[in-house]
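Sequence lines set the chain letters: A, B, ... in the order given, protein chains first and strands last, and positions in each chain run from 1. Since the model is a prediction, treat every value here as computed from it, not as a measurement.
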2 protein chains.
Amino acid sequence: MKTPFEKTAGRRVSRPSFEPLAPHELELADFFVLMAGILGVPRSVAEIYALLYISIKPLDFDLIQGRLGMSKGSVSQGLKFLRDQGMILSVKEKGSRRELWQPTPSLASSLVSLLRSQVQPALEQSAPALQRVLDGVQSANASPEVLERLARLKRWNSRALELFPLLLPPPTEA
Amino acid sequence: MKTPFEKTAGRRVSRPSFEPLAPHELELADFFVLMAGILGVPRSVAEIYALLYISIKPLDFDLIQGRLGMSKGSVSQGLKFLRDQGMILSVKEKGSRRELWQPTPSLASSLVSLLRSQVQPALEQSAPALQRVLDGVQSANASPEVLERLARLKRWNSRALELFPLLLPPPTEA
DNA sequence: ACGTACTTTCATTAATTTTTGAACCTACGC
DNA sequence: GCGTAGGTTCAAAAATTAATGAAAGTACGT
């Protein structure tokens with residue numbers, strides 16, 4: 001561990017016959033990669049989102065793969081992730097079976113739901129665990145100091161759990 | 001990427017001649033490891049913190065190493081990290097050069113500062129980058145749609161940047 | 001119904017992050 | 001002042017996570 005929370009650079013390169021990313025596109029990609037890093041989202045996902053975000057029209061699979069110079073697998077996985085998080089959606093031109101991807105209107109609500117998808121399960125599984133810890137401590141030693149610490153922790157945990165649903169009604173739009 | 005944000009289990013084991021962790025201690029460690037994972041903090045650090053958190057009295061280096069069954073290097077690094085984040089502090093018994101570690105009173109403010117230390121630098125370096133992206137887009141194509149998206153992004157960025165200092169006055173206690 | 005354009009899956013490989021431990025400091029008690 | 005308890009460093013190993021690409025679906029247009 002140097003400081004935690006670092007990511008290294010390493011630049012991908014567009015496949016021949018696809019337009020390489022313009023400087024401002026690279027810069028936006030870097031921005032999203034940086035932010036994604038904080039949330040623990042891999043760079044390939046952030047790059048895909050950045051490309052869609054800065055594009056005038058919806059983009060298809062091959063173009064994404066070509067311009068970003070990444071593998072089919074990564075594009076597929078990345079699109080799946082973004083789709084599952086509700087961060088992108090697809091339209092289809094009629095007469096083609098190809099899907100065209102674009103960002104959903106509200107990045108804000110996407111981010112909240114992404115955050116929730118990380119934190120919520122942790123909080124839920126923690127609530128009973130913390131209760132067990134409290135029980136364990138009580139029967140073991142019982143320094144009032146430690147007991148108070150743990151009780152406080154548990155209160156936070158439940159408070160956070162209550163708070164989340166208020167932030168954004170789970171499956172719907174906001 | 002399966003879902004992102006998973007960590008696998010793998011349990012450490014106390015060195016012989018040190019008390020192995022009791023069930024409730026393990027459970028608290030798991031809780032902290034889980035939470036730390038979200039913030040990108042390694043498990044060893046979380047385990048050390050958990051142990052200090054549930055202990056009645058301050059603990060020394062050897063005891064931490066022994067009970068957690070981890071290497072000297074990890075203990076040293078972990079304590080350094082926690083110390084730098086202001087999450088623990090040490091006292092010394094007189095007549096001994098040994099340091100005894102305990103959590104600082106406010107976990108809350110520690111967490112905020114930890115969060116800040118991740119997010120703040122990213123936001124700062126992003127502000128000018130986003131401006132350059134905007135400039136780039138304007139000279140390149142100029143779909144009003146995309147322009148609006150990016151402008152919004154930039155507004156958020158500055159708003160977040162303004163907001164942070166309010167959350168906790170940078171270097172002091174709260 | 002069929003063929004294939006398009007996408008997904010997943011075992012393997014590559015990249016990154018974390019842990020280890022032996023060598024190296026460094027300052028305190030004597 | 002010196003020896004060593006107490007701690008740090010850091011290169012190398014282990015563990016974890018991300019990316020690749022060939023093989024395997026799937027469903028759409030004909």
Could you give the [atom1]-to-[atom2] distance, from [X] to [N], as a whole number of Å?
X       : N      : atom1 : atom2 : result
A:Glu99 : D:dC28 : CD    : P     : 9 Å
A:Ile64 : C:dC6  : CD1   : P     : 14 Å
B:Leu79 : D:dG6  : CG    : P     : 15 Å
B:Arg11 : C:dT19 : CZ    : P     : 14 Å
A:Ile48 : C:dT7  : CD1   : C1'   : 13 Å
B:Lys92 : C:dG29 : NZ    : P     : 8 Å
A:Gln65 : D:dA22 : CD    : C1'   : 13 Å
A:Gln77 : C:dC10 : CD    : C1'   : 9 Å

Among [options], the nucleotide that comes nearest once only the side chain of [X] is considered:
X       : options                : answer
A:Arg83 : C:dT8, C:dT19, D:dT9   : C:dT8
B:Arg98 : D:dG6, C:dT9, C:dT19   : D:dG6
B:Arg12 : D:dA19, C:dT8, C:dT19  : C:dT19
B:Lys72 : C:dT7, C:dT9, D:dG7    : D:dG7
A:Arg97 : C:dT7, C:dT4, C:dT20   : C:dT4
B:Ser96 : D:dG6, D:dT20, C:dT18  : D:dG6
A:Met70 : C:dT19, D:dT20, D:dA19 : D:dT20

task: Would you name the heavy atoms of B:Ser55 and A:Val146 that are closest together and state the gap between them?
output: O-CG2, 3.6 Å
message: I want to confirm an ordering. Mapping A:Ser74 and A:Gly95 to their closest nucleotides on DNA chain D, which one lands closer to the 5' end?
response: A:Ser74
task: Specify the residue among B:Val75 and A:Gly73 whose closest nucleotide of DNA chain D lies further upstream toward the 5′ end.
output: B:Val75
- prompt: Which part of the nucleic acid, if any, lies within reach of B:Ser44 when heavy atoms closer than 4.0 Å are counted: base, sugar-phosphate only, or nothing?
  reply: sugar-phosphate
- prompt: Does B:Leu68 offer a backbone N or O that forms a donor-acceptor pair with the side chain of B:Ser14 under 3.5 Å?
  reply: no
query: With the threshold set at 4.0 Å, does a side-chain nitrogen-carboxylate oxygen contact exist between B:Glu162 and B:Arg155?
result: no
task: Could you give me the CA-CA distance, side-chain angles and deciding distance for B:Ile38 and A:Leu39, then say whether side-chain contact (heavy atoms from CB on, under 4.5 Å) is met?
output: CA-CA 8 Å; B:Ile38 291 171; A:Leu39 297 172; over 6 Å; no
- request: Can you measure from CG (A:Asp62) to NZ (A:Lys72) and round to the nearest 0.5 angstrom?
  value: 7.5 Å
